[in-house]
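A short write-up of the structure that comes next.
We're numbering straight along the sequence, starting at 1.
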Amino acid sequence: MEVIEMDENNGLSLVELNPPNPWDSDPRSPEELAFGEVQITYLTHACMDLKLGDKRMVFDPWLIGPAFARGWWLLHEPPSDWLERLCKADLIYISHMHSDHLSYPTLKQLSQRRPDIPIYVGDTERPVFWNLGQSGVRLTNINVVPFGIWQQVDKSLRFMILMDGVHPEMDTCIIVEYKGHKILNTVDCTRPNGGRLPEKVALMMSDFAGGASGFPMTFSGGKFTEEWKAQFIKAERRKLLNYKAQLVKDLQPRIYCPFAGYFVESHPSDKYIKETNTKNDPNQLNNLIRKNSDVVTWTPRPGAVLDLGRMLKDPTDSKGIVEPPEGTKIYKDSWDFGPYLEILNSAVRDEIFCHSSWIKEYFTWAGFKNYNLVVRMIETDEDFSPFPGGYDYLVDFLDLSFPKERPSREHPYEEIHSRVDVIRYVVKNGLLWDDLYIGFQTRLLRDPDIYHHLFWNHFQIKLPLTPPNWKSFLMHCD
């Protein structure tokens, strides 16, 4: 990153805020690894358990419950000892605030055993743990670290968190180095570290699947026919596949592992999304990588263990990757929907929503205005039909008014149909709209078909850090 500063002669000079490749500061030559010294165990989705000498590090633990309200559920069955594994960790890295990486149901179980477990996050503009106070989870050892600086764990182990070039306000990735061997985890970053990444690392892992967006499955009207959606999804997935394969070819890691895409829209009400939101196959990506390069690939299964020392010495070593025992359950076939849906449903009955003035209260709190857009918000049932007794209202963001009819001036218009349990839960708790959008809990129609970046960016990233003051609101209600 460069900034312009005045020099002593009142001239302008470009100053590099951090070196182009911060991992090259204080370089270390790789030492030979003993067999068993560095082991990487895949747990589920984006969660890896790393044994690095006598230290253990865990990435992004999402091991129970849903992500994005009730939209995403785990595809893989994590090993039964997942909680013991988390409790034994010396440090946990959480890449960003999305709930398939920052899972409060998972952290709640962990915190009941080890509230002081050291957790490390990057210094993003939107704090990763911005909602910790509301979550009811007690964690007492969260460490926010600057980007591009080695964090020394012991004499052999260090790590460095890097920001994403496309979403620097929230996404991060990490380089872990043990005895000079680098493990690169780019997680969900669209352009990790602005595209500058270390080459020839020992192990690289990244997302691969796609399908982590409300677009275009939740859209209707105009061009958004089923055929158009299917073609768009197919083209986007192919683009992503080719991009990941090219990135791996360029960076030439010794080993590559596709992860952070093992989720499924398993709730029965999301059958349509599950059937249309097709995702890339990790084996397809790995085949493409092997076709174009000599990189060794690993498609992880829950409980599988990669021994880095063995794999670096001889990638054909049959003990280099130990698969889970035969008969181990790989895919989940049931999910405990009940407790999580009840939490959402309880918001529907909240006293706040007995007073229609909650609408003005909420959108005033949200703070988005002076933008020519009119949105119609419609609360719905499971099937996106209007919820009996639910709210159906207009918001004019030009002056933040709530008209009974669309204004006569020219204006772009968007209709947002939202499942009542999720929208009320989001409103009540002042949560980001990712739960609605990425969680597939909305159906959208827009006229004209324009993406209003400022609007969505505000509600997905820039809402106030403190929730609405509903207590005061209720005190002043009729």
Side-chain angles (χ1 to χ4, degrees), residues 19 21-43 46-61 85-95 117-122 143 145-162 172-187 189 192-193 196-206 248 251-260 295-298 300 303-315 317 319-322:
N21 299 331
W23 52 87
D24 287 339
S25 65
D26 186 22
R28 294 182 184 177
S29 300
E31 301 173 37
E32 192 163 335
L33 297 176
F35 293 174
E37 188 174 0
V38 175
Q39 293 180 321
I40 296 95
T41 305
Y42 170 71
L43 301 186
C47 185
M48 289 281 190
D49 177 9
L50 288 73
K51 175 184 180 289
L52 303 146
D54 61 0
K55 291 284 187 285
R56 297 194 87 94
M57 183 173 191
V58 172
F59 295 154
D60 285 338
R85 287 173 175 276
L86 293 195
C87 288
K88 286 178 187 167
D90 294 285
L91 61 157
I92 290 175
Y93 161 68
I94 293 179
S95 60
I117 194 160
I119 295 178
Y120 289 83
V121 297
N143 303 273
V145 301
F147 292 115
I149 294 171
W150 285 119
Q151 306 296 318
Q152 201 72 39
V153 179
D154 62 23
K155 63 180 174 58
S156 303
L157 175 63
R158 58 186 182 171
F159 68 91
M160 173 184 292
I161 298 177
L162 301 168
T172 75
C173 57
I174 190 170
I175 301 167
V176 176
E177 188 183 84
Y178 178 80
K179 289 190 174 177
H181 298 274
K182 292 183 179 70
I183 295 170
L184 169 65
N185 174 10
T186 64
V187 206
C189 288
N193 198 44
R196 298 193 314 261
L197 291 168
E199 296 177 15
K200 296 182 169 61
V201 299
L203 171 64
M204 174 183 173
M205 52 189 88
S206 79
V248 172
L251 294 178
Q252 287 292 303
R254 295 285 299 278
I255 305 157
Y256 171 74
C257 170
F259 84 152
V295 174
V296 176
T297 61
W298 175 35
V305 182
L306 182 143
D307 186 318
L308 197 59
R310 283 185 183 275
M311 291 297 285
L312 294 179
K313 191 165 189 179
D314 176 11
D317 186 337
K319 294 179 182 172
I321 295 173
V322 177

Taking side chain as C-beta onward, heavy atoms only, is [X] less than 4.5 Å from [Y]?
X    : Y    : answer
I183 : L50  : yes
F35  : K319 : no
I119 : L91  : no

Considering all heavy atoms, the nearest [X]-[Y] contact:
X    : Y    : value
L162 : G148 : CD2-CA, 3.9 Å
A202 : R254 : O-CB, 3.3 Å
G309 : L33  : CA-CB, 3.9 Å
L86  : I117 : O-CD1, 3.2 Å
P118 : D90  : CG-O, 3.3 Å
L157 : D154 : N-OD1, 2.8 Å

### Query
Taking F159 as the fixed residue, which of Y120, W150, Y93 is the one that meets the ring-ring contact (aromatic ring centres under 6.0 Å, His included) rule?
Y120
### Message
Using only atom types and a distance under 3.5 Å, with no angle test, would you say the side chain of Q151 pairs donor to acceptor with the backbone of I149?
### Response
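Yes; at least one donor-acceptor contact below 3.5 Å.
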#### Entry: Q39 backbone acceptor or donor facing D307 side chain under 3.5 Å
no
Residues which pass side-chain contact (heavy atoms from CB on, under 4.5 Å) with [X], listed by chain and number, not counting sequence neighbours:
X    : result
D24  : N21
P315 : V296
Q252 : K200, K249, S293, V295
V201 : K182, L184, P198, M204, P253

Value rounded to 0.5 Å, distance of [atom1] in [X] from [atom2] in [Y]:
X    : Y    : atom1 : atom2 : answer
W298 : M311 : CH2   : CE    : 9.0 Å
L306 : Y42  : CG    : OH    : 14.5 Å
L197 : T186 : CG    : OG1   : 7.0 Å
S29  : H181 : OG    : NE2   : 10.0 Å
N185 : I40  : CG    : CD1   : 11.0 Å
T172 : N193 : OG1   : CG    : 11.0 Å

Restricting to side-chain hydrogen bond (donor to acceptor under 3.5 Å, both in side chains), what partner residues turn up for [X], sequence neighbours left out?
X    : value
T297 : R290
E37  : Y178, K179
S206 : Y256
D60  : S95, H101

### Query
Are M48 and T41 close enough, and set up right, to give a side-chain contact (heavy atoms from CB on, under 4.5 Å), and what steps lead you there?
CA-CA 6 Å; M48 289 281 190; T41 305; over 6 Å; no
### Message
For D26, give me all partners under salt bridge (Lys or Arg N to Asp or Glu O under 4.0 Å), at least two apart in sequence or on another chain.
### Response
R28, R158
### Summary
Sorted by chain and residue number, the salt bridge (Lys or Arg N to Asp or Glu O under 4.0 Å) partners of D317 (sequence neighbours excluded) come out as R310
List, one per line, each side-chain donor-acceptor pair under 3.5 Å for residues 51-59, sequence neighbours excluded.
unit_1: K51; atom_1: NZ; unit_2: G36; atom_2: O; d: 2.9
unit_1: K51; atom_1: NZ; unit_2: G53; atom_2: O; d: 3.4
unit_1: R56; atom_1: NH2; unit_2: D49; atom_2: OD2; d: 3.4

